[in-house]
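What you see is a predicted model, and the numbers here were worked out from it, not measured in a lab. Sequence positions, counted from 1, serve as the residue numbers for this chain.
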Amino acid sequence: MGTWISPVEPEDLPADRPAQVLTGIVTVPGAVTSACLHATALGLYEVFVNGARVGDEELTPGSTNYDETLYAQSYDVTPLLRSGENRIDIVLSDGWYRGRTGSEQRQNAWGTITAALAQLEYSTVSGKSYVFATDETWTCCPSPIVRADLMTGQTTDFSAMVAAALPVRVGLVRPPVPTRSPAPPVRRVEELAPMSVTPIAPDVSIVDFGQNIAGWARLTDVGPPGSETTLEFGEHLDGTGNLTTAHLDTHTPQGEHIPCHQIDRVIAGTGEEVFEPRHTVHGFRYARITHPGRNLGPGSVTAIVVHSDLPRTGWFACSDERLNRLHEAAVWTFRGNAVDVPTDCPTRERLGWTGDFQVFAPTAALLFDIDGFARKWLQAVRDDQYDDGSLAMYSPDSNRMKHSDHPARVGGGSAGWGDAAVALPWTLYRHYADRDIFETSWPSMRAWVEFALRTARERRHPSRTGTPAPHEQYLWDGSFHFGEWLEPKTGSSADVDVAEAFRALLAADQGEVGTAYLYRSTSMLANIADVLGRKDDAAHYRAVAQRVRAAWHTEYFDGHRGRTASDTQASYVRAIDFGVIPDHFVPRAADRLAELIAQAGDHLATGFLSTGSLLPVLADTGHGDLAYTLLTQTGVPSWLEMLNRGGTTFWENWDGVDGDVALGSLNHYSKGAAMRFLYSHVVGLRQSPASAGWREFVVAPVPGGGLTHASATLHTVQGVIEAAWTRTDDDLTLTVTVPEGASATALLPGAPPKPLPPGTTTLSSRP
């Protein structure tokens, strides 16, 4: 390709920075028969050829560890080139590379100098081929985008005078060689018209789009020449009906208060312009628009849904409209957090937290084809991995913890978070049957497990004293773990003292959680080694896993009473789900889980790591009715209460809206992990334990909750799978479609297993 070119900028950059335009002129000797433009940037870029925008990809080149991995895009520009002089403009802004990132909104994470690289390859009717690329002949000038930041917003001044062009700076950066992303690009996926436009003051209106999304707003009425319109975005309205974002502010343990604002502005030129800010992205349902001197018509503003263009693969429906709404909330929550990386929220942090995606990926893989999307993110996880095998808390890691001795770097070694390095490749293999992800990730997975095993051997929690017993070398309790995280507490989330909570977190003994995850990841690694034909590794890690399991059982489980050491709902869910207790203890543990749920007034009390497995564990241990009770429960904590309080996506906190006050993010997908129960148990579609790519599956519905019908469709690598059941009095009728090459078995209540041939089969039973 060509040479990296950078715009001319002042030495002391302001916090709010304009986008720059880099321009090259190419003279084409004749009619063009084919033309392809390859481009990438350190920053965020758009390309225009002769004034026409190139392609439909957004937020390119995407979020990566720019010092390790950089992706380039290619565009067919044949229709845009003409014989003679052609102008190529690259609009370049900070993006993820240099813009604000994370809840503390730090800038310059990956560098201080933005740059672009492009190469145009074209052929003419003469049969000759030509190359035109970025070099010292290009020029630069500030764009009408006078402020551009992914987090805080964009300001465009259509009235700005065009500045004089200056020669670009050349060769100031040394990024890695660009490659191709395995993920689908970010695109403008959908448009939403306002549900309502409500004036709240002279020239100020609240626009409700009816759905919490990631994206931006397009404004077709920018006002008379020279007027300024302000658009502020958020998830919640206060008691007066006004926009508030206070619940998204960051309060650090050190006492710092960092406001969260998402604000776009447009200054009209002729007044005929259309404002659509493509150098930022927001998480929002509502917009407060200040539009001096005019009324704002509902047809003048449109929400543009923007995220990775993931193919939809899973659909669910049933007779309870509340559950259908829950399913859609899961879909929308993931859509809002799939903007090139799997984020925790599209507002306050926008970080690819490892624990969040580890928890939600099995559900996401039912709803969407996440294969390429997840592979791209796993590359960032590997790029961030420390020399000792530990991981960053989130990837790409804009805090560059791999190169730091900051105390926060220990968070990457937390059980349930770093275990994403093993769990996510396993999820991808199970759904897509491609072992290449194991080949690519094997060194990373093995390094993580060895880090955890070594930490268990070498470090003890301060509460353990005296001479260590032999099993203690397998207890992973001596390093930091987030633990179950966000278990429901009494009182409001607003009452939490941040500094006090942080100190308690650092001091807590999370060995029960850590050791259980150590067993699961070591067991998974053994299974992965089997798939790869690494027989010695498989035998080794399987033996180690059994020693970890025995240590957990010795330290954290009372077999006589069937109690875990912590005796919490989460501990029983995890113990049963991971198989760290022997099978003959499972009924007693499940009964104790049911007792704890009853003591909580038939409400869940699980947290971040275990909520997704709660309902399947109950159903699989003979407590299906209780699973449905929780699924359809209201009040705090419950899934339906989020919808009852106006949510259209899942929340970070169960009490995310308390009266008129919002608490924490209102678009957080971890709690939505439980929605895989709708597929696996309500409809009953479950892949067989030894299967990959849905080659072998069972259909074992668990009717309940008063449902009269339920259905699901899955688009798998094996083909389309469909299952639907209806219930009339005591009769259950099931219809299943099995793709060619797959094998399936129906397991209806009270009936023997029934093998299902390819094609569509209908059968009945009396539960």
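Of the inter-residue distances, the one linking Asp94 atom CG with Gln107 atom CD reads 7.0 Å to the nearest 0.5 angstrom. Note that the OG1 atom of Thr40 and the OH atom of Tyr45 stand 6.0 Å from one another [nearest 0.5 Å]. Atom CD1 of Ile258 sits about 5.5 Å away from atom OG1 of Thr250, to the nearest 0.5 Å. Distance CG/Leu486 to CG/Asn653: 6.0 Å, rounded to 0.5 Å. The CZ atom of Arg335 sits 8.0 Å away from the CZ atom of Arg312 when rounded to the nearest 0.5 Å. To the nearest 0.5 Å, atom CG of residue Leu323 and atom CZ of residue Phe677 are 9.5 Å apart.
Partner of Thr648 under the side-chain hydrogen bond (donor to acceptor under 3.5 Å, both in side chains) criterion, out of Glu328, Glu235, Gln211: Gln211 alone. None of Leu231, Thr302, Val306 except one satisfies the side-chain contact (heavy atoms from CB on, under 4.5 Å) rule with Trp216; the exception is Val306.
In this structure the side chain of Leu92 reaches within 4.5 angstrom of the side chain of Pro7, judged on heavy atoms. You'll find the side chain of Val47 reaches within 4.5 Å of the side chain of Ile88, heavy atoms only. With a 4.5 Å cut-off on side-chain heavy atoms, Thr156 and Phe275 count as touching.
In plain terms, the two heavy atoms of Ala41 and Pro61 that are nearest each other are O-CG, 3.3 Å. Nearest heavy-atom pair across Ala214 and Gly336 is CB-O, 3.4 Å. Closest approach of Tyr679 and Trp315 over heavy atoms only: OH-N, 3.2 Å. Annotation for Phe48 and Arg278: closest pair CZ-NH2, 3.8 Å, computed over non-hydrogen atoms. Of all non-hydrogen atoms in Asp249 and Thr245, the two that sit nearest each other are OD1-O, 3.4 Å. Of all heavy-atom pairs spanning Arg17 and Asn108, the tightest one is NH1-OD1, 3.0 Å.
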Exercise. Checking side chain to side chain contact (heavy atoms under 4.5 Å, CB included) for the pair Cys318/Asn324: CA distance, chi angles, key distance, verdict?
Worked result: CA-CA 7 Å; Cys318 72; Asn324 296 334; 3.6 Å; yes

Exercise. What's the verdict on side chain to side chain contact (heavy atoms under 4.5 Å, CB included) for Glu191 and Val305, showing C-alpha distance, side-chain angles and the deciding distance?
Worked result: CA-CA 6 Å; Glu191 297 188 0; Val305 181; over 6 Å; no

Exercise. Could you walk me through whether Glu104 and Arg348 pass the salt bridge (Lys or Arg N to Asp or Glu O under 4.0 Å) check?
Worked result: CA-CA 9 Å; Glu104 296 184 7; Arg348 181 189 65 228; over 6 Å; no

Exercise. Should Asp397 and Asn65 be marked as a side chain to side chain donor-acceptor pair (under 3.5 Å) after you check the CA-CA gap, both sets of side-chain angles, and the distance that decides it?
Worked result: CA-CA 7 Å; Asp397 179 13; Asn65 296 65; over 6 Å; no

For this session: Output, in order, the C-alpha distance, side-chain angles, deciding distance and verdict of side chain to side chain contact (heavy atoms under 4.5 Å, CB included) for Thr270 and Phe158.
Result: CA-CA 8 Å; Thr270 65; Phe158 288 116; over 6 Å; no

For this session: Begin with the C-alpha distance, continue with both residues' side-chain angles, and end with the deciding distance and a verdict on side chain to side chain contact (heavy atoms under 4.5 Å, CB included) for Leu640 and Leu326.
Result: CA-CA 7 Å; Leu640 285 179; Leu326 275 180; 3.8 Å; yes

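Judged by the 6.0 Å distance and 45° axis criteria, Arg285 is not positioned over the aromatic ring of Phe209. Relative to the six-membered ring of Trp654, Lys671 meets both conditions, a distance below 6.0 Å and an angle of at most 45° to the axis.
Judged by distance alone, with hydrogens and angles left aside, the side-chain atoms of Arg375 form no donor-acceptor pair with the main-chain N or O of Pro182 at under 3.5 Å. Judged purely by atom type and a 3.5 angstrom limit, Asp157 has no side-chain atom pairing as donor or acceptor with the backbone of Val266. Checking side-chain atoms of Gln633 against main-chain N and O of Leu631 turns up no donor-acceptor pair under 3.5 Å. Here the side chain of Gln154 pairs a donor or acceptor atom with the backbone of His279 at under 3.5 angstrom. A distance-only check finds a donor-acceptor pair linking the side chain of Thr313 to the backbone of Phe368 [under 3.5 Å]. Arg294 places no side-chain N or O within donor-acceptor distance of the main-chain N or O of Leu296, the cut-off being under 3.5 Å. In this structure, the side chain of Ser143 engages the main chain of Ile145 through a donor-acceptor pair within 3.5 Å. When atom types are taken as modelled, the side chain of Thr649 and the backbone of Thr333 share no donor-acceptor pair closer than 3.5 angstrom. Counting only distance, with no hydrogens or angles, the side chain of Thr280 and the backbone of Leu150 share a donor-acceptor pair below 3.5 Å. Between the side chain of Ser665 and the backbone N or O of Asn667, at least one donor-acceptor pair lies under 3.5 Å.
Salt bridge present: Arg53 and Glu58 bring a charged side-chain N and a carboxylate O closer than 4.0 Å. Between Arg325 and Glu321 there is no salt bridge, since no side-chain nitrogen of the basic residue lies less than 4.0 Å from a carboxylate oxygen of the acidic one. Salt bridge annotation for Asp89-Arg87: present, with a cationic side-chain nitrogen under 4.0 angstrom from a carboxylate oxygen. Remark: Glu57 does not engage Arg188 in a salt bridge, criterion side-chain N to carboxylate O under 4.0 Å. Salt-bridge formation is detected for the pair Asp16/Arg100: a Lys NZ or Arg NE/NH1/NH2 atom is positioned less than 4.0 Å from an Asp or Glu carboxylate oxygen. The pair Glu641-Arg322 does not count as a salt bridge, with every side-chain nitrogen at least 4.0 angstrom from each carboxylate oxygen. Using a cutoff of 4.0 Å between basic side-chain nitrogens and carboxylate oxygens, Asp340 and Lys376 are scored as salt-bridged.
Considering only residues two or more places apart in sequence or on other chains, Asn242 meets the side chain to side chain donor-acceptor pair (under 3.5 Å) condition with Arg288. Listed by chain and residue number, nothing satisfies the salt bridge (Lys or Arg N to Asp or Glu O under 4.0 Å) test with Asp660 (two or more places apart in sequence, or in another chain). For Asp369, there are no side chain to side chain donor-acceptor pair (under 3.5 Å) partners two or more places apart in sequence or in a different chain.
Thr155 and Arg147 form a side-chain donor-acceptor contact under 3.5 Å, judged by distance and modelled atom types alone. Thr290 and Thr230 share no side-chain donor-acceptor pair at under 3.5 Å.
The number of heavy-atom neighbours closer than 6.0 Å to CG of Asn644, taken from other residues, nucleotides and ligands shown, is above 12.
Ring centroids of His327 and Trp332 are separated by 6.0 Å or more, keeping the two rings apart. In this structure, the ring of Trp417 has its center less than 6.0 angstrom from the ring center of Phe608. Aromatic ring centroids of His668 and Phe650 lie 6.0 Å or more apart. Tyr394 and Trp353 have their aromatic ring centers within a separation under 6.0 angstrom. For Phe284 and His236, the ring centers are positioned 6.0 Å apart or more.
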